[in-house]
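Take a look at the structure set out below.
Positions are given from 1 along the sequence.
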Amino acid sequence: MIRLSQDNAKSLLAIHGWSGALLGLLLYAVILTGVIAVFADEIGGWSSPLQHEPATALPKGLGAKLAELSTQVDEQYHDDLFFFPQAGGRIRTFFHKDIVVDGQPSAEGVEFDLDPNTLAVLDRREGISETIQQRNTAGALSAFLVDLHVRLHVPNPWGLLLTGALGLAMMVAAVSGLIVHRHLLRELFTIRRRRQDLLAKRDAHVIAGTWNLPFAFILAFTGSFFSFASTVGIPVVAMVAFGGAQERLIETLVGVSPAEDKTPKPLADLDAMLADAHARVGVEPSFVSIAHYGRADARVNVFTPPSEGHVSSNNLVYDGATGAFMHQKPGLGLVPSAGGVLFDLMGPLHFGNFAGVLSKAIWFALGFAACYVTLTGMLLWATRRAESQAWQRLARATIWVGYGLPLSLAASPIGFFIGRSLGIVELHDSMAIAFLSAAALAGALALSLRDLESLRRVLLAATGAVLLSLPLLRLATGGPGWASAFASGLQAVFSLDLAMLVGGALCVFAARRPNARLAAAARSGIEDNQSQPA
C-alpha cells in the first residue's frame with residue numbers, strides 16, 4: 001500500500017488525469033499503431049507473398065549475385081551496401097552512398113529486390129532513399145503502418161520528437177497511476193460487477209492498467225529512447241562530451257574506420273562468411289552491411305537475431321577482402337559494457353521480437369491492453385465531468401478516435417490492394433486516401449449520431465465489415481488462395497486471413513451486443529468517493 005496525504009493524492013490524480021487528457025488521443029494512436037507494427041514482417045508477407053515460402057532468408061549464391069549486380073551499378077554507389085529479407089522474403093539490396101538532403105542525412109543509389117528462391121531480380125529502383133522507399137511496392141503496406149507508428153507521418157525530425165514526447169507522457173501516466181492507486185495489490189483483482197456502470201468501468205480500467213503498468217513503462221521508456229536518440233541524444237552528447245563533434249562521438253560508438261585502401265579487390269566468399277556467422281551464434285543472419293564493396297578495405301557486418309536463451313542481437317565483423325572473422329561487436333561502444341547491454345535490450349523490449357511469434361503475440365496482447373487502458377481512462381475522465389460541454393466534446397472525440405482509428409487502419413490495405421491492381425507504383429497516396437476516407441466517415445458519424453453508444457456500435461460494425469472483406473479483396477486482386485498458400489508454405493497468408501476473419505467477427509459481435517449507454521453514463525456523473533479513481 002502506498003500512503004499519500006490527501007493533498008498529494010489529489011495532485012497526483014490531477015497529473016495522472018491531465019497527462020492522459022491532454023495527449024491521450026495521440027498516445028492511443030501511437031500505441032495502437034505500435035500493436036499493428038509488431039507484425040510488420042508478417043503483414044508484408046501477407047500483402048505481397050512470393051510464389052513459394054523461401055527455404056532460407058539469405059541463400060547460397062548470394063555473393064555471386066551481388067558481384068553480378070555490382071557491375072550494373074555506378075561505382076560511386078559501391079561505398080555502402082546492405083541487404084536483408086523484407087516483404088514475403090524478398091531480399092532487399094541497396095548499393096548506395098551517403099548524402100544530405102535539406103539538412104537531413106539520406107542516401108542515394110540503386111536498389112534491387114531479389115527472389116530468395118531463384119535470386120532473380122524482381123524489381124529495380126534508383127534515386128535517393130526516400131524516393132526509392134515510396135516506389136517499394138512490395139513493402140508499401142507494412143512501411144505505411146510502421147511510419148504511422150514511428151512518427152505519425154509527420155516530417156522528420158518533428159515526427160520523432162512528437163512520438164518521443166508522447167512516450168514521456170505515457171511514463172508520467174504510468175508512474176502517477178502506480179502511486180495514485182494506493183491499494184495496489186487489492187486492485188489487481190477487484191472488479192465490482194454489480195455496482196453502478198461507471199464504477200464497473202472504472203474497476204475494469206484500474207485492473208487492466210495495474211497489470212499493464214510494467215509493460216507500459218517499458219514501452220514508453222524504450223519508445224522515447226528511440227525517438228530522442230537521433231534527434232536530441234546524439235547532438236546533446238556530442239556537444240557535452242565532444243565539443244560538438246558528432247563525428248568523434250560516432251567513432252567512439254562504432255569505431256574508427258580502417259585506413260583507406262581503394263585498391264580494387266573482389267569481396268571474399270560471402271556465403272562462407274554468412275555460414276560462419278550462423279555457426280558461431282546458432283541463428284541465421286537477418287541483416288548484412290558491407291562498407292567499401294569491392295575494395296581492399298571492405299568490412300562486412302553480419303547481424304543476427306538473439307541466440308537461443310538471449311535477448312540481444314549479434315553483430316559479427318569480417319574482413320571483406322579475406323573473409324576472415326575479426327570480432328563480435330557490442331551494440332554500443334567497442335568493448336562489452338553495462339551501457340552496451342542496456343542499449344542492446346532497447347530494441348527487443350520495444351518491439352517484442354526476441355522470441356519469435358510467441359513474444360510478438362504477448363506484446364500484441366499487452367499493447368492491446370494498453371490501448372484499452374488509455375481509451376477507458378479518457379472516457380472516465382470526460383464522463384465524470386459531463387456537466388461541461390467541453391468535456392462532452394472530448395468524450396465524443398474519444399469515441400471517434402478510439403473506434404475510428406481501428407476502422408482507418410483496417411481500411412489502409414484497401415488502398416494498397418486497389419492501388420496495386422491499378423498499376424500505381426507509389427502506393428502511399430492510395431493508402432493515405434483510404435485511411436483518411438475512413439477517418440472522415442468516422443468523423444461524419446461522430447457529428448451526426450448524438451448517442452455515443454450508437455456511435456461506438458456503428459464504428460465497431462464498420463470495422464468488422466472491413467476486416468471481413470480484406471481476405472476477399474486480397475484474393476480478388478491476385479493474391480493466392482488458401483489451397484495454394486498451404487501448398488507453397490505461405491503461412492503468413494493463411495494466418496493473417498484467419499486473424500482478419502476472427503477480428504472482424506469479434507467486432508461485429510461486440511457491435512451487436514447491448515452495452516451500457518455512454519450518454520447515460522455521461523449524464524450520471526457518478527463519483528466514487530471511497531477510492532481513488534483513475
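Taking 4.5 Å as the limit, every side-chain heavy atom of Leu427 sits out of range of all side-chain heavy atoms of Leu141. Proximity of Arg92 to Pro85: side-chain heavy atoms (C-beta onward) are nowhere separated by under 4.5 Å. A heavy-atom distance below 4.5 Å is found between the side chains of Asp497 and Trp482. Using a 4.5 Å heavy-atom cutoff, the side chains of Asp41 and Ser142 are not in contact. Side-chain contact between Thr304 and Glu284 is absent, with no heavy-atom pair separated by less than 4.5 Å. Side-chain contact between Leu409 and Leu148: present, with at least one pair of heavy atoms (C-beta onward) separated by less than 4.5 Å. Looking at heavy atoms from C-beta onward, Ser312 lies out of side-chain contact with Pro306 at the 4.5 angstrom threshold. In this structure the side chain of Leu490 never reaches within 4.5 angstrom of the side chain of Ser484, judged on heavy atoms.
At least one donor-acceptor pair under 3.5 Å links the side chain of Thr163 to the backbone N or O of Leu160. At least one donor-acceptor pair under 3.5 Å links the side chain of Ser70 to the backbone N or O of Ala67. Remark: the backbone N or O of Asp261 is paired with a side-chain donor or acceptor of Asp297 at under 3.5 angstrom. For Ser359 (side chain) and Gly352 (main-chain N/O), a donor-acceptor pair under 3.5 Å exists by modelled atom type. With hydrogens and angles ignored, the 3.5 Å screen pairs a side-chain donor or acceptor of Ser47 with a backbone N or O of Ile43. Ser408 contributes a side-chain N or O that, together with a main-chain N or O of Ala439, makes up a donor-acceptor pair within less than 3.5 Å. In this structure a side-chain-to-backbone donor-acceptor pair under 3.5 Å is missing from Tyr28 to Val373. Under the 3.5 Å distance criterion, the side-chain polar atoms of Thr322 are matched with a main-chain donor or acceptor of Ala324. Side-chain N or O atoms of His149 include one that pairs as donor or acceptor with a backbone N or O of Val30 at under 3.5 Å. Between the Ser495 side chain and the Ala492 main chain, no donor and acceptor come within less than 3.5 Å of each other.
One finds the OG1 atom of Thr118 at 9.0 Å from the CD atom of Gln51 (value rounded to the nearest 0.5 Å). With values rounded to the nearest 0.5 angstrom, Leu349 atom CG is found 11.0 Å from Asp344 atom CG. Expressed to the nearest 0.5 Å, how far CG of Leu62 lies from CG of Leu274 amounts to 7.0 Å. Considering CZ of Phe435 and CG of Leu145, their distance stands at 9.0 Å, rounded to 0.5 Å. To the nearest 0.5 angstrom, Glu108 atom CD is 9.5 Å from Thr131 atom OG1. With rounding to the nearest 0.5 Å, the separation of CG in Leu270 from CG in Leu58 is 8.5 Å.
The side-chain hydrogen bond (donor to acceptor under 3.5 Å, both in side chains) test with Asn136 is passed by exactly one of Glu426, Gln86, His428, Arg90: Gln86. Applying the ring-ring contact (aromatic ring centres under 6.0 Å, His included) test between His96 and each of Phe83, Phe82, Tyr77 identifies Phe82 as the sole match. Partner of Trp363 under the ring-ring contact (aromatic ring centres under 6.0 Å, His included) criterion, out of Phe368, Phe351, Phe39, Phe215: Phe215 alone.
Crowding of Lys360 atom NZ: a count of heavy atoms from other residues, nucleotides or ligands under 6.0 Å exceeding 12. Around atom CD of Gln76, more than 12 heavy atoms belonging to other residues, nucleotides or ligands sit under 6.0 Å away. Other residues, nucleotides and ligands contribute over 12 non-hydrogen atoms within 6.0 Å of the NZ atom of Lys97.
Arg280 forms a cation-pi arrangement with Phe325, by the criterion of a distance under 6.0 Å to the ring centre and an angle within 45° of the ring axis.
Using modelled atom types and a 3.5 Å distance limit, the side chains of Asn314 and Gln328 yield a donor-acceptor pair. Judged purely by distance below 3.5 Å, without hydrogens or angles, the side chains of Ser48 and Arg420 pair a donor atom with an acceptor atom. Side-chain N/O atoms of Asn301 and Tyr318 include no donor and acceptor closer than 3.5 Å. A side-chain donor-acceptor contact under 3.5 Å links Ser106 and Ser129. Between the side chains of His52 and Asn117, not a single donor N or O lies within less than 3.5 Å of an accepting N or O.
Across all non-hydrogen atoms, the minimal contact from Pro54 to Pro116 is CB-CG, 3.5 Å. The two residues Ile31 and Cys371 come nearest to each other via the heavy atoms CG2-SG, 3.5 Å. When every heavy atom of Thr463 is checked against every heavy atom of Cys507, the shortest pair comes out as CG2-SG, 4.2 Å. Contact detail for Leu468 and Pro471: the closest heavy-atom pair is O-CD, 3.5 Å. Heavy-atom minimum distance, Ala37 versus Val146: CB-CG2, 4.2 Å. Nearest heavy atoms, Gly404 versus Ala442: CA-CB, 3.9 Å.
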Mind running side-chain contact (heavy atoms from CB on, under 4.5 Å) on Gln133 and Glu111 for me, showing each step along the way?
CA-CA 10 Å; Gln133 179 59 38; Glu111 186 168 273; 5.7 Å; no

Under the criterion side-chain contact (heavy atoms from CB on, under 4.5 Å), I'd like the reasoning laid out for Leu119 against Ile91: C-alpha separation, chi angles, the key distance, then a yes or no.
CA-CA 8 Å; Leu119 293 180; Ile91 302 174; 4.3 Å; yes

Could you walk me through whether Leu267 and Val300 pass side-chain contact (heavy atoms from CB on, under 4.5 Å), step by step?
CA-CA 9 Å; Leu267 188 72; Val300 180; 4.0 Å; yes

Let me see the working for Ile414 and Leu470 under side-chain contact (heavy atoms from CB on, under 4.5 Å), right down to the final yes or no.
CA-CA 7 Å; Ile414 296 177; Leu470 288 180; 3.9 Å; yes

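With sequence neighbours excluded, the residues that form a salt bridge (Lys or Arg N to Asp or Glu O under 4.0 Å) with Asp113 are Arg125. Remark: Trp158 engages no residue in a side-chain hydrogen bond (donor to acceptor under 3.5 Å, both in side chains) (not counting sequence neighbours).
Using bins of under 30°, 30° to 60° and over 60° for the plane-to-plane angle, the ring pair Phe95/Phe112 lands in the perpendicular bin. Ring pair Phe303/Phe287 is perpendicular by interplanar angle, where above 60° counts as perpendicular and below 30° as parallel.
Ring-centre distance between Phe221 and His350: not below the 6.0 Å cut-off. Here the two rings, on Trp46 and Phe416, have centers that are 6.0 Å apart or farther. Proximity of the aromatic rings of Phe494 and Phe486 is defined here by a centroid distance below 6.0 angstrom, and this criterion is met.
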